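This is a predicted model, so every value here is computed, not measured. When reading the values below, keep in mind they use all heavy atoms of this one structure, side chains included, and skip hydrogens, waters and symmetry mates.
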Amino acid sequence: MGPRAIILIVVLGAAAIGSWYLARSHDRTDESAVPYDTTHQGYYLKAARILGTDEDGSLLYEIQADHALQEASDRIEFTGVRVNYSPTADIPWVVHADEATLREGSPMIALRGHVRAVGRTGDGSQDTEIRTQYLELDPERYVAETDERVQIRIGARSLTATGMLASLNDNTVELKSNVRGKIAP
């Protein structure tokens with residue numbers, strides 16, 4: 001191999017390395033860029049338990065859920081939900097739902113999918129059960145409301161209606177429209 005061939009190989013090798021380096025530098029415009037978004041994307045919890053307190057800081061209610069996911073900075077989505085009041089609140093209602101949404105700054109809990117609110121009596125003979133597909137619960141004011149179809153059962157008695165406003169602390173229910181019922185002695 002002559003000196004000309006060696007110089008040609010060195011020049012071609014330098015050209016190959018140079019073109020590789022230039023092509024590589026054009027692939028990444030910002031050397032400090034990371035391949036993922038570093039901003040906070042929220043959190044995900046299994047067997048979540050969220051506590052709600054009154055003005056004094058005493059436990060008022062709790063939300064238990066199979067899963068909780070922070071969808072946005074101001075919203076938490078729950079699945080497999082159960083809301084119950086503290087024994088000291090003396091509100092004998094427990095609310096179950098497939099899903100729920102809690103928004104920051106609002107005490108309102110939006111419950112969706114097979115919503116069932118059960119009000120227990122001391123002896124268990126006249127338990128009240130409310131069923132609907134959507135219910136808005138304000139646990140701080142003890143108010144549950146829906147504009148959807150609702151079914152209410154008290155013992156063997158049954159009512160259906162469209163829309164309802166319930167006050168859980170004084171056990172009153174106001175049905176809004178299309179009320180139908182079966183009242184047996």
Side-chain angles (χ1 to χ4, degrees), residues 1-86 89 93-118 130-151 162-164 166 168:
M1 192 178 294
R4 260 183 151 183
I6 293 176
I7 292 175
L8 183 61
I9 290 175
V10 169
V11 169
L12 288 176
I17 291 173
S19 65
W20 171 80
Y21 179 76
L22 288 175
R24 183 175 164 256
S25 67
H26 286 297
D27 286 347
R28 298 180 81 192
T29 57
D30 183 9
E31 290 293 323
S32 64
V34 292
Y36 56 88
D37 187 9
T38 60
T39 59
H40 177 63
Q41 296 295 319
Y43 55 84
Y44 176 81
L45 302 170
K46 288 184 177 183
R49 185 172 169 229
I50 308 295
L51 304 177
T53 58
D54 60 13
E55 306 85 41
D56 301 331
S58 301
L59 178 64
L60 180 62
Y61 65 92
E62 78 175 335
I63 303 170
Q64 296 173 336
D66 295 339
H67 301 98
L69 174 65
Q70 184 182 17
E71 288 286 331
S73 63
D74 65 341
R75 188 177 81 228
I76 304 170
E77 297 290 334
F78 300 95
T79 57
V81 183
R82 176 186 167 121
V83 180
N84 53 343
Y85 283 94
S86 164
W93 287 86
V94 177
V95 182
H96 301 266
D98 292 342
E99 300 174 346
T101 302
L102 182 63
R103 294 192 179 275
E104 182 180 336
S106 172
M108 197 69 70
I109 304 169
L111 300 141
R112 298 175 306 283
H114 300 100
V115 180
R116 188 173 67 108
V118 179
I130 300 170
R131 291 180 179 259
T132 186
Q133 288 299 311
Y134 179 81
L135 183 74
E136 290 183 355
L137 175 67
D138 186 344
E140 293 177 6
R141 294 187 318 127
Y142 313 106
V143 174
E145 185 173 14
T146 185
D147 290 329
E148 301 289 320
R149 183 178 181 278
V150 64
Q151 179 183 28
T162 303
M164 172 208 72
L168 304 179

Looking only at non-hydrogen atoms, find the nearest pair between M108 and D138 and report the distance. SD-N, 3.8 Å
Test side-chain contact (heavy atoms from CB on, under 4.5 Å) applied to I109 and V95, I76, I63, the passing residue: I63
Side chain proximity check, L137 to L168, heavy atoms < 4.5 angstrom: yes
Taking Y85 for the side chain and P139 for the main chain, is one N or O donor matched with an acceptor at less than 3.5 Å? yes
Give a yes or no answer on whether the side chain of T132 reaches the backbone of R149 with a donor-acceptor pair at less than 3.5 Å. yes
Of the non-hydrogen atoms in A48 and L45, which two are nearest, and what is the gap between them? CB-CB, 4.1 Å
Any donor-acceptor pair under 3.5 Å linking the side chain of D56 with the backbone of S58? no
Could you tell me the separation between the OG1 atom of T101 and the CZ atom of F78, rounded to the nearest 0.5 Å? 8.5 Å
Is it the case that atom CZ in R141 sees more than 12 heavy atoms from other parts of the structure closer than 6.0 Å? no
Distance from R131 atom CZ to H96 atom NE2, nearest 0.5 Å? 10.0 Å
Taken to the nearest 0.5 Å, the spacing of L102 CG from E104 CD works out to 9.5 Å
Would you give the length of the straight line joining atom CD1 of I130 to atom CG of L135, rounded to the nearest 0.5 angstrom? 7.5 Å
Minimum heavy-atom separation for L60 and E140, please, with both atom names. CD2-CA, 3.8 Å
Over all heavy atoms of both residues, which pair between S19 and A16 is shortest? Give the atoms and the distance, please. OG-O, 3.0 Å
Inspect the contact between E148 and R112 and indicate whether a charged nitrogen and a carboxylate oxygen are less than 4.0 angstrom apart. no
Indicate the atoms forming the closest heavy-atom contact of E62 with L51, along with that distance. CB-CD2, 3.6 Å
CG of D147 to CD of E136: how many Å apart, nearest 0.5 Å? 8.0 Å
To check you understand the geometry: which heavy-atom pair defines the closest contact between A100 and L111, and what is its length? CB-CD2, 3.8 Å
Working to the nearest 0.5 Å, report the span between CG of L69 and CZ of R75. 9.0 Å
Could you check if a side-chain atom of Q133 sits within less than 4.5 angstrom of a side-chain atom of H114, using non-hydrogen atoms only? yes
